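Residue numbers start at 1 and run along the sequence shown. Just so it is clear, the model here is predicted, and its values are computed rather than measured.
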Amino acid sequence: MVRAGLTTERLVRAGAELADEVGFEQVTVSALARRFDVKVASLYSHLKNSQDLKTRIALLALAELADRAAEALAGRSGKDALGAFADVYRDYALAHPGRYTAARYPLDPETAAASAGPRHAQLTRAILRGYDLPEPDQTHAVRLLGSFFHGYVSLETAGGFAHSAPDSQESWTRIVDALDSLLRNWPIR
């Protein structure tokens with residue numbers, strides 16, 4: 001019997017909240033069942049297993065992040081777009097650490113292709129059009145930006161910048177400025 005009020009969407013959203021609270025690695029169907037005070041078996045009509053739950057949380061996180069990035073980029077270009085895009089990733093990671101981790105969960109190729117993941121690359125390329133980079137330099141720049149955003153946020157959320165001045169926000173702003181300068185002066189081969 002399916003428990004009244006439980007839907008796949010509600011379970012995935014609760015799983016995402018749980019990920020933010022305890023860490024994405026700790027999210028399981030069993031942990032979700034405890035959250036709803038139901039037996040694990042009652043969730044299997046909505047979810048196949050913990051991997052299915054994590055995949056669905058990853059898809060939710062990718063979609064949320066892409067939606068926020070698209071909204072932040074609307075009407076912006078150049079450095080303004082770069083800064084807005086960077087801030088979306090950082091703000092999302094700080095506000096939703098479990099979901100941010102979920103957004104990097106390995107997906108099978110078919111699921112990844114159907115996810116919001118390709119939108120992230122399209123949004124990054126939209127920013128880069130303002131810098132007039134040709135291919136393959138655009139691809140290199142997409143990888144640079146992704147590496148920077150993820151690397152900085154990972155170090156920051158792990159407490160890596162909490163022990164020295166200046167504060168992390170000042171460094172973030174200066175580094176985004178440096179990225180803008182690099183993109184405007186990209187070495188074309």
Side-chain angles (χ1 to χ4, degrees), residues 12-13 16-17 19-21 23-25 57-107 111-189:
V12 171
R13 290 208 173 274
E17 291 169 10
D20 288 338
E21 293 167 15
F24 183 66
E25 301 79 15
I57 294 169
L59 294 172
L60 172 70
L62 286 168
E64 287 178 342
L65 198 47
D67 290 345
R68 289 176 187 203
E71 185 177 318
L73 289 177
R76 297 179 186 210
S77 63
K79 182 179 176 184
D80 190 34
L82 176 65
F85 191 72
D87 287 345
V88 163
Y89 275 84
R90 182 173 179 236
D91 293 347
Y92 189 82
L94 294 173
H96 301 289
R99 292 178 205 211
Y100 180 76
T101 299
R104 295 183 322 277
Y105 186 67
L107 302 172
T111 303
S115 76
R119 282 183 61 207
H120 292 270
Q122 291 168 348
L123 291 166
T124 306
R125 286 180 186 279
I127 293 167
L128 295 176
R129 280 195 293 277
Y131 293 97
D132 200 28
L133 295 179
E135 276 299 349
D137 292 301
Q138 258 192 35
T139 299
H140 298 314
V142 167
R143 291 172 181 168
L144 170 73
L145 293 177
S147 298
F148 163 69
F149 299 149
H150 175 64
Y152 194 94
V153 165
S154 294
L155 290 169
E156 184 177 31
T157 57
F161 305 135
H163 307 293
S164 62
D167 76 353
S168 183
Q169 179 60 46
E170 184 178 340
S171 294
W172 177 260
T173 302
R174 295 286 306 271
I175 292 169
V176 171
D177 288 346
L179 284 172
D180 171 66
S181 179
L182 171 66
L183 292 170
R184 281 187 283 111
N185 298 290
W186 190 267
I188 305 294
R189 289 189 182 177

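Checked against ring pair (Phe, Tyr, Trp, His ring centres under 6.0 Å), F148 has the following partners two or more places apart in sequence or in another chain: Y152, W172. Listed by chain and residue number, L179, L182, W186 satisfy the side-chain contact (heavy atoms from CB on, under 4.5 Å) test with L144 (two or more places apart in sequence, or in another chain).
Contact annotation: the side chain of E71 never approaches that of V88 to less than 4.5 Å [non-hydrogen atoms, C-beta and beyond]. Between D177 and K79 there is a side-chain heavy-atom pair separated by less than 4.5 Å. In this structure, the side chains of F24 and R104 stay at 4.5 Å or more apart for every pair of heavy atoms. Under the 4.5 Å side-chain criterion, counting only non-hydrogen atoms from C-beta, D137 is in contact with H140. At least one side-chain heavy atom of S168 sits under 4.5 Å from a side-chain heavy atom of R90. Put simply, the side chain of L107 reaches to within 4.5 Å of the side chain of L62, judged on heavy atoms. Between L145 and L82 the shortest side-chain heavy-atom distance falls below 4.5 Å.
Heavy atoms of other residues, nucleotides or ligands lying less than 6.0 angstrom from CD of E135 number more than 12. In this structure, D132 places its CG atom where only 12 or fewer heavy-atom neighbours from other residues, nucleotides or ligands lie under 6.0 Å away. Other residues, nucleotides and ligands contribute only 12 or fewer heavy atoms inside 6.0 Å of the CZ atom of R174.
Here CD of E64 is found 10.5 Å from CD1 of I57. Values are rounded to the nearest 0.5 Å. If you take CZ on R184 and CG on L133, they are separated by 12.0 Å, rounding to the nearest 0.5 Å. In this structure, CD1 in I175 is found 11.5 Å from CZ in F149, a value given to the nearest 0.5 Å. To the nearest 0.5 Å, atom CZ of residue F85 and atom OG1 of residue T124 are 3.5 Å apart.
Of all non-hydrogen atoms in A81 and L73, the two that sit nearest each other are O-CD2, 3.4 Å. Among all heavy-atom pairs drawn from A102 and A58, the shortest one is O-CB, 3.1 Å. Scanning all heavy atoms of the two residues, the minimum distance from R119 to D67 falls at NH1-OD1, 2.8 Å. Closest of all the heavy-atom pairs between V153 and A93 is CG1-CB, 3.0 Å. Shortest non-hydrogen contact noted between L128 and Q138 is CD1-O, 3.6 Å. Nearest heavy-atom pair, A61 versus Y92, reported as atom, atom and distance to 0.1 Å: CA-OH, 3.5 Å.
Ring centers of H96 and Y100: at least 6.0 Å apart, outside the cut-off.
Judged by distance alone, the side chain of T101 and the main-chain N or O of P97 form a donor-acceptor pair under 3.5 Å. Remark: side-chain polar atoms of D20 are paired, donor with acceptor, to backbone N or O of R99 under 3.5 angstrom. Side-chain atoms of S115 come within 3.5 Å of backbone atoms of A112 as a donor-acceptor pair (strictly under, hydrogens ignored).
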